[in-house]
There are 2 protein chains.
Amino acid sequence: MTGLVRPSSTRQATEPVRQEGLRSINLELVFRHILAAPVPISRTELAAGTGLTRPTISRIVDELLAGKLITESGLTHDGRAGRPRVGLSISDEGPAGLGLDIRSDGLAACVVDLTGTVRHLAFAPSTYDDRGAPAVLAELARMAGTAIEATAAEDLTVVTATLAVPGPVDAGMVRSAPALGWRNVDAGALLRGATRHLDLPITVDNEANLAALGELYASDNTLSGFVYVSGGLGIGAGIVLDGQLLRGVRGWSGELGHVTVYPDGKPCPCGSRGCLQTYASLPAILSDDPVPPHSTPDAAVTTRADAGDPATLAALDTAGTALGIALSDAINILDIDTVLLGGAFSLLSSWLTATVRTELNQRVLTAAWAPLTVRPAQLGPDAAVIGAALTAIDQIRQHPTTWLAR
Amino acid sequence: MTGLVRPSSTRQATEPVRQEGLRSINLELVFRHILAAPVPISRTELAAGTGLTRPTISRIVDELLAGKLITESGLTHDGRAGRPRVGLSISDEGPAGLGLDIRSDGLAACVVDLTGTVRHLAFAPSTYDDRGAPAVLAELARMAGTAIEATAAEDLTVVTATLAVPGPVDAGMVRSAPALGWRNVDAGALLRGATRHLDLPITVDNEANLAALGELYASDNTLSGFVYVSGGLGIGAGIVLDGQLLRGVRGWSGELGHVTVYPDGKPCPCGSRGCLQTYASLPAILSDDPVPPHSTPDAAVTTRADAGDPATLAALDTAGTALGIALSDAINILDIDTVLLGGAFSLLSSWLTATVRTELNQRVLTAAWAPLTVRPAQLGPDAAVIGAALTAIDQIRQHPTTWLAR
DNA sequence: AGTTTTGTTTCATGGGTTGACCTAAACCGA
DNA sequence: TCGGTTTAGGTCAACCCATGAAACAAAACT
């Protein structure tokens, strides 16, 4: 994995750059080169790649080694004459990122190291009907503690945490998360309180946004612009353009579930009519059939579809059509070339993909000469936790100087 | 006007920064501070604002003065004790940007100086039925020559040109512009050929995109995220988020005219059904009534609406509703807070705004707690030319070093 | 004339570069 | 097997150049 880093030729400083700042810029440049290298890279190769001289590279590498951000990983004997090169690669010890996720079926925690490898992944099934937000976040704080302890044994230091929540978030405040029965819950403050002893900086973000970032990492940056559609009790979307998450003015972008599909269609709890959610969310696909006890909506739909239940198949067709219409709106507006079906949709993709493609090909103006990709997400239900952990560590990946200055 | 500049805390270098690069970073920082200042600013104020020391500011200011990017504009006697401050402001001589626009009713050319002031604006009524792209672009090249000559007399040097075209553009290639009857016309190459003697770097972009940038400038950066909807024979949109134009993966974003409003609605020439264009474009509002000779579609609609023609008023209502639905999709997806009605819609706004607002308030999820603004665009039909000229000059505004190094 | 603030000059600092020289560790040919 | 060759990497000087600090000059006010 090479991370979220995208080259950008523009440089916009808001504060002056002094000589010391110069070193940190070049240090970050070198670090990004090491991040981007698929195999361990030598000092000389770095000098050639960055344009800096060997003495400067040596200085910087020494600093990175001292800060445990990179490691020397043995010699490369490639048969050529001369002294073998010393490989440098991102350290799998040192700083790490913690991801936390409140999923419809339980709580998840995840630790990712600097290389982007998942080092810890825990899941605890849970429901939310009977418990309030403080209890849920206290439980999550316990899981965070366990994750930090477990990875500390492997010489990892968790430096930041990101919490994924199924709903729009605004500076740590969860505006509304119907799946959890939350309204205006200050999840950031609650979690900070519950993890006070850990002293972690905590960020809260939308689940679909983080899952999109997870998929971006997992794709090794082969995706340039895509929508991650997360199906569940509601429908959310994370939009990535040019390797960057599109957050909107207030961070409430990606409300695909409330895009109008049929202007005079079914009423939606939001007050509008014909929202995508009323056709393609799990409750809509299940219509009024109750979910059997000890099962989940996700499982109920897949088992019925597998069994060939005609009502369910018809509902999936309706859902796919509606999803395709909403997505073609998004693509006409945004000009992106890939759709990732995530959340519950990743399990249902075999019933949805064809229908979605049909609608896209008909309705997206540029589809005629620029093909679109529709495929299930890679990381499945763990996309959001992993994305959250990766986001947390990405701050250090992009700005290693802040970690070195700790 | 303060320009497109937005502070960005991230710094991502792809090439090493040496001492000289350091100076250029700080030079650009200082230049942006001067751009952002509403009134002439002194060296000492710059030092306080940027965090650099006065000697450094003096050095940089000397360079900017030598390069004619700024001028010393007299002393400020504000009654306080001490030596009076020497005001520094953006030069209204020196580099300038040229904008060119192929409008449905004619050709336009515009020159804007570094301060963002329009210094030259010319319009030549014209139709396209009888002429091919080469003839049109040759005419435009003549207008460019005149504009450059006229402004050279005022000590302005046009350094770049941007061409606005009503249709999706891809590296200078106009994919399709139905209003002009163009398909796959390499407008960039043709214009470069016709202006070879002027030796200008030429960019081609979508008309709605450039108009959006024009409105952004004109708003003095009070807009953070907005959609500029351009009504005409078709419907296009320019989307600005965080002060930056959203171009999409291939630069084809903003195809609002082909957003699906009624999935089983009227067929559209694009092959789909129920596209916004089939309800809200000028031809749709005029339905089948022919435009009188010596009039334009724009004028025909406004005169009929002013006269209270019931069919036209009904059509405007349908158009407003469809526009509101499509815009609410865009806002749910993008999270922006302002809609600017541009092109022909700016003339029709008194009949459209209320209907659009109604739909937005019903269909946008966040409208309940975050109010939306809907208003006509400020610059009217000249938005695109002005935006094009501003884009051209904006390269120097953002990276003055490239101009100094010429 | 003294004060205050602005803008400039002078000098020291410090980072990066160049270039030279050196060591380490592989290969190669005798 | 051994010394020569080749390449990687480290170390040291000298230099460049932008910034910062402090002293200095300029132009207003009191």
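Sequence lines set the chain letters: A, B, ... in the order given, protein chains first and strands last, and positions in each chain run from 1.
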Self-check item: Protein-nucleotide distance (B/R54, atom CZ; C/dT5, atom C1'), rounded to Å
Solution: 9 Å
Quiz item: What is the distance from CZ of B/R59 to P of D/dC17, rounded to the nearest Å?
Solution: 10 Å
Self-check item: B/D242/A/R247 salt bridge by N-O under 4.0 Å criterion
Solution: no
Practice problem: In whole angstrom, give the distance that lies between atom CD1 of A/I57 and atom C1' of D/dT11. | Solution: 16 Å
Exercise. Send over the distance from B/L64 CG to C/dG7 P, rounded to a whole Å.
Key: 15 Å
Practice problem: Kindly check if the number of other-residue, nucleotide or ligand heavy atoms within 6.0 Å of CD (B/E154) is above 12? | Solution: yes
Show every donor-acceptor pair shorter than 3.5 Å between a side-chain atom in residues 84-96 of chain B and any protein atom, with sequence neighbours excluded, or say none if there are none.
| from | atom 1 | to | atom 2 | distance (Å) |
| --- | --- | --- | --- | --- |
| B/R85 | NH1 | B/E45 | OE2 | 3.2 |
| B/R85 | NH2 | B/D78 | OD2 | 2.2 |
| B/S91 | OG | B/K68 | O | 3.3 |
| B/S91 | OG | B/E93 | N | 2.9 |
| B/S91 | OG | B/E93 | O | 2.9 |

Quiz prompt | Any A/R43 side-chain nitrogen or oxygen under 4.0 Å from OP1 or OP2 of D/dG10 | solution = yes
Quiz item: Is there a residue in residues 81-89 of chain B whose heavy atoms reach under 4.0 Å of DNA chain D, and which residues are they?
Solution: B/A81, B/G82, B/R83, B/P84
Quiz prompt | Neighbour count above 12 (heavy atom, 6.0 Å) for A/R54 CZ | solution = no
Quiz prompt | Any A/W403 side-chain heavy atom under 4.5 Å of A/I393 side chain | solution = no
Quiz item: What nucleotide, of D/dA18, C/dT8, C/dG16, holds the atom closest to the side chain of B/R23?
Solution: D/dA18
Quiz item: In whole angstrom, what separates A/L52's CG from C/dG15's C1'?
Solution: 12 Å
Quiz item: Rounded to whole angstroms, how far apart are CD1 on A/I25 and P on D/dA18?
Solution: 15 Å
Practice problem: Answer yes or no: does atom CG of A/D199 have more than 12 heavy-atom neighbours from other residues, nucleotides or ligands under 6.0 Å? | Solution: no
Quiz item: Does the side chain of A/T44 pick up a donor-acceptor pair with the side chain of A/S42 at under 3.5 Å?
Solution: no
Quiz item: Below 4.0 angstrom from OP1 or OP2 of D/dT19, is there any side-chain N or O of B/N26?
Solution: yes
Exercise. Using only side-chain N and O atoms of A/T56, determine if any of them is under 4.0 Å from OP1 or OP2 of C/dG16.
Key: no
Quiz item: Rounded to whole angstroms, how far apart are CD1 on B/I60 and C1' on C/dT8?
Solution: 15 Å
Practice problem: Would you please confirm or rule out a distance under 4.0 Å between OP1 or OP2 of C/dT5 and any side-chain N or O of B/T44? | Solution: no
